Amino acid sequence: MRGLIMKKNKAVFLAFLVHVFISAATLSAQAGNSYPSMAPLDQYLIPDQTAEIALARSAAPASISDNAEVMVLGAKGFTTAVKGTNGFLCLVERAWAQATTHPEFWNPKIRAPHCFNPQAAKTFAPIFLMKTRLVLAGKSKAEILAATAAALNSKELPSLEPGAMAYMMSKQQYLNDRGKSWHPHVMFYSPGDMTKSWAADAPNSPVMVASDPEERVTILFLLADKWSDGTPDLSARK
């Protein structure tokens, strides 16, 4: 069933990638640079910590997220609100998780719940957490990009562990102004650009990937037919 959904939604997915990962310059022109700078910090915060914990946990089925560590965003960065026991980490990413060239890098509406498995929690989530600290320190996009690259080069940010992946199955997620909640999905991370070796760019290939050169990772997407609460993704059946 998942394979069928992947094939059926390949065109939709590729359109989504254009808006989320690839054609940032084109999108910026179309959007009229709607988010040219950071909004006031309180627009990115969720005042009710309990609500943010619930949103973060909604990224994965309760059988996973109920025992995961949960981090929430405050004025000084992300802090642990709930200690976990299974090695997973759930948090709600904000817009600056995207590439610095993305036109919605400062979009305060974006709420992207993730539940990272232990490998990703240790070796991929630290990139976003570092970018968050830089954002809250008032750094520019250029400074964020330079600092992230330097940290990857120096190994201050760890090398990606094999098997790193994350769940994004929240019905409440808001990924961008076009895709909104899009579809429930899981992501598998691989170092470097794997597009060619996975033949993801080949005609009729069902493999859905996004290459992120800033974070030096390729993300393999698998669509799910249900949200984390078990309800069906009705849009996948259209």
Side-chain angles (χ1 to χ4, degrees), residues 2-3 6-7 9-27 59-60 87-89 91 93-105 110 112 114-135 139 141-168 175-176 179 182-183 185-224:
R2 286 187 180 181
M6 286 174 65
K7 292 178 181 178
N9 286 280
K10 184 68 183 286
V12 176
F13 177 81
L14 291 176
F16 176 78
L17 288 188
V18 168
H19 291 294
V20 179
F21 295 105
I22 301 172
S23 300
T26 302
L27 268 179
F88 278 73
L89 168 64
L91 55 78
E93 287 192 350
R94 299 326 199 255
W96 52 79
Q98 304 171 102
T100 57
T101 54
H102 197 283
E104 294 188 47
F105 185 83
I110 289 178
H114 286 60
C115 276
F116 299 99
N117 75 341
Q119 296 95 315
K122 290 186 291 184
T123 64
F124 187 72
I127 300 176
F128 171 68
L129 296 175
M130 179 180 181
K131 290 174 74 174
T132 298
R133 292 191 295 271
L134 294 167
V135 165
K139 302 299 183 181
K141 288 183 181 181
E143 290 172 321
I144 293 168
L145 177 59
T148 303
L152 287 167
N153 290 337
S154 69
K155 306 300 182 183
E156 177 187 347
L157 287 171
S159 298
L160 188 67
E161 283 191 11
M165 57 84 66
Y167 290 82
M168 288 190 70
L175 305 182
N176 59 56
W182 193 50
H183 297 291
H185 58 283
V186 294
M187 304 179 296
F188 295 86
Y189 304 107
S190 185
D193 187 346
M194 304 297 291
T195 305
K196 294 292 185 183
S197 63
W198 290 346
D201 56 350
N204 299 316
S205 171
V207 179
M208 306 183 204
V209 303
S211 179
D212 186 340
E214 291 188 4
E215 296 184 345
R216 304 177 190 178
V217 67
T218 300
I219 305 170
L220 171 67
F221 294 79
L222 294 180
L223 300 186

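Keep in mind the model is a prediction, meaning the values are calculated, not measured.
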Which donor-acceptor pairs under 3.5 Å do the side chains of residues 145-152 make with protein atoms, sequence neighbours left out?
{"residue": "Thr148", "atom": "OG1", "partner": "Ile144", "partner atom": "O", "Å": "2.8"}

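A distance of 7.0 Å separates NE2 in His102 from CD1 in Ile110, rounded to the nearest 0.5 Å. Taken from CG in Asn176 to CD in Glu104, the straight-line distance is 5.0 Å, to the nearest 0.5 Å. Separating the CG atom in Leu175 from the CE atom in Met168 is a distance of 4.5 Å, to the nearest 0.5 Å. Between the CG atom of Leu157 and the CZ atom of Arg216 there is a distance of 9.5 Å, given to the nearest 0.5 Å.
Counting only residues at least two apart or on different chains, the salt bridge (Lys or Arg N to Asp or Glu O under 4.0 Å) pairs with a member in residues 193-211 are Lys196-Asp201. Counting only residues at least two apart or in different chains, ring-ring contact (aromatic ring centres under 6.0 Å, His included) contacts with residues 189-219 comprise Phe124-Tyr189. Evaluation of the salt bridge (Lys or Arg N to Asp or Glu O under 4.0 Å) test over residues 121-131, restricted to residues two or more places apart or in two chains, returns Lys122-Glu161, Lys131-Glu215.
For Ala120 against Met165, the heavy-atom pair with the smallest separation is CB-O, 3.3 Å. Taking all atoms of both residues into account, the shortest heavy-atom contact from Ala125 to Leu89 is CB-CD2, 4.0 Å. The shortest heavy-atom contact between Arg94 and Phe128 is N-CZ, 3.5 Å. Between Gly87 and Ala121 the shortest heavy-atom distance is O-CB, 4.0 Å. Counting all heavy atoms, side chain and backbone alike, Val209 lies closest to Ala200 at CG2-CB, 3.4 Å. Minimum heavy-atom separation, Phe116 to Glu93: CZ-OE2, 3.5 Å.
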- request: Show your reasoning for whether side-chain contact (heavy atoms from CB on, under 4.5 Å) applies to Leu220 and Met194.
  value: CA-CA 9 Å; Leu220 171 67; Met194 304 297 291; over 6 Å; no

message: side-chain contact (heavy atoms from CB on, under 4.5 Å), that's the test. Do Ile127 and Val217 meet it? Break it down for me.
response: CA-CA 11 Å; Ile127 300 176; Val217 67; over 6 Å; no

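Checked against side chain to side chain donor-acceptor pair (under 3.5 Å), Glu156 has no partners two or more places apart in sequence or in another chain. With sequence neighbours excluded, the residues that form a side chain to side chain donor-acceptor pair (under 3.5 Å) with Thr100 are Glu214.
Within a 6.0 Å radius of NZ in Lys139, other residues, nucleotides and ligands contribute 12 heavy atoms or fewer.
Not a single donor-acceptor pair under 3.5 Å links the side chain of Asp212 to the backbone N or O of Ile219. At distances below 3.5 Å, at least one donor-acceptor pair connects side-chain atoms of Thr218 with backbone N or O atoms of Gly192.
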